[in-house]
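Notes follow once the structure below has been shown.
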Protein chains: 2
Amino acid sequence: MKLSAATKRMNKSDLKLIAVLERTGGFASAQELHQILRREGDGIGLTTVYRALQSLVDDKIVDLLRREDGEAIYRLCGDNHHHHLVCKSCGDTVEIEGGAIEKWAKTMAEEFGFREVGHTAEIFGICSKC
Amino acid sequence: MKLSAATKRMNKSDLKLIAVLERTGGFASAQELHQILRREGDGIGLTTVYRALQSLVDDKIVDLLRREDGEAIYRLCGDNHHHHLVCKSCGDTVEIEGGAIEKWAKTMAEEFGFREVGHTAEIFGICSKC
DNA sequence: ATGGAAATGATAATCGTTTCCATTTTCGTG
DNA sequence: CACGAAAATGGAAACGATTATCATTTCCAT
């Protein structure tokens, strides 16, 4: 449970955000993260949350991706890389392994001479309950 | 160059949008499509553009995806379903096949009992020129 | 303590998208 | 052709996420 290896300039806000993201484990939007911190009594401002997230993304400490409606969501990157199977109806989410994807991404990137390769992949549909 | 096989209820606006999308070939945002039509003298309203696109997406005539900044972009679907390999530095984009992904998405969705399955997948990195 | 730089957060501004609603167009029927 | 209902339209306002502004506060090194 190391809080990070990147010993860059981290301010209080950055650390708070990282802590919440570690705790919640998955994705969260800026607004959600803000609410969580507020609910815990932290008076942090929305502006600061956006700023901290932006800087964490720049430093490659968190990943930024998009929900289907375009809202930005963030997650700690590095450790557990997995993908999601999301129900379009109820929003239920299953974490799945993406071994095939990893290989695909690597192969394709090599074929075209790309370096520092990352990828995103999500599957969405209607779950059995809906 | 058939204008479509889906002989559903299509109004004038739907057809205009399809025409522009066919002409431009690639992706375009709602705002861009609106501007293009306006520039051509069509007095179509932004609201109508959004409405038409929405309905075309519902009828699975166009695909909706997202730019990196979250803006919605549309393209005629049907033709070639492919994925993108994007350079984070210069923005250069290569279209790639995703056979492996299609299979993966299908398999995973079945395993968890999901229906009406779709997926997104992008690879990003630094291209050889950068 | 003190001055300056960095951080903060309330407020306002932006921008894409959606909702509202009054008006216009389309179209089937008499 | 006329009439009315239903569908389509578009301008304006509403909305929600994100960003910019700017005055105030916190941090530190001196």
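Keep in mind that this is a model prediction, so the values were computed, not measured.
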Write down the distance between CD (A/Gln35) and C1' (C/dG9), rounded to a whole number of angstrom.
17 Å
For a quick test of reading the model: is some side-chain N or O of A/Thr47 closer than 4.0 Å to OP1 or OP2 of C/dT8?
no
Nearest to the side chain of B/Tyr50, which nucleotide is it out of C/dT17, C/dT8, D/dG11?
C/dT17
Does this structure show an ion pair linking B/Lys103 with B/Glu97, if we count only N-O contacts that are shorter than 4.0 Å?
no
Selection from D/dT9, D/dG11, D/dC27 that lies nearest to any side-chain heavy atom of B/Arg38:
D/dG11
Using atom CG of B/Leu15 as one end and atom P of C/dT26 as the other, report the distance to the nearest whole Å.
13 Å
D/dG16 P sits how many Å from B/Asp69 CG, rounded?
20 Å
Across the strands shown, which category fits B/Ile44 at heavy-atom distances under 4.0 angstrom: base, sugar-phosphate, nothing?
sugar-phosphate
Just how far, in rounded Å, is P of D/dG16 from CD of A/Glu32?
15 Å
Indicate yes or no: at least one non-hydrogen side-chain atom of B/Val117 is less than 4.5 angstrom from one of B/Phe114.
yes
D/dA20 P sits how many Å from A/Arg51 CZ, rounded?
11 Å
side-chain N/O B/Lys12 vs C/dT26 OP1/OP2, d < 4.0 Å:
yes
Protein-nucleotide distance (A/His34, atom NE2; D/dA17, atom P), rounded to Å:
12 Å
Touch class at under 4.0 angstrom, heavy-atom based, for A/Ser13 against every strand present:
sugar-phosphate
Is the shortest side-chain N to carboxylate O distance from B/Arg67 to B/Glu32 below 4.0 Å?
yes
Of the options D/dT9, C/dT17, D/dT18, whose atoms approach the side-chain atoms of B/Arg66 most closely?
C/dT17
For atom CG of A/Leu46 and atom P of C/dT8, their distance in whole Å
14 Å
Within the supplied structure, the quantity of interest is the number of heavy atoms (other residues, nucleotides, ligands) at a distance under 6.0 Å from A/Glu71 CD; does it exceed 12?
yes
Can you tell me whether the side chain of B/Arg67 and the base of C/dG16 have a donor-acceptor pair closer than 3.5 Å?
no
On DNA chain C, compare the nucleotides closest to B/Ile73 and A/Thr48; which residue's is nearer the 5' end?
A/Thr48
Interatomic distance, A/Glu71 CD vs D/dC15 C1' [rounded to whole Å]:
13 Å
The nucleotide from D/dA8, C/dT18, D/dT18 with an atom nearest the side chain of B/Asn11 is D/dA8
Would you mind classifying the nucleic acid contact of B/Gln31 as base, sugar-phosphate or nothing, using non-hydrogen atoms under 4.0 angstrom?
base
When you check the gap from the basic side-chain N to the acidic O, do B/Arg23 and B/Glu40 get nearer than 4.0 Å?
yes
Take A/Leu76 and A/Glu22, measure what side-chain contact (heavy atoms from CB on, under 4.5 Å) needs, and give me the verdict at the end.
CA-CA 7 Å; A/Leu76 281 182; A/Glu22 256 180 358; 3.2 Å; yes
Once you apply a heavy-atom cut-off of 4.0 Å, does A/Gly43 come out as touching a base, just sugar-phosphate, or nothing?
sugar-phosphate
In Watson-Crick or G-U wobble terms, both distances under 3.5 Å, what is the partner of D/dT30?
C/dA1
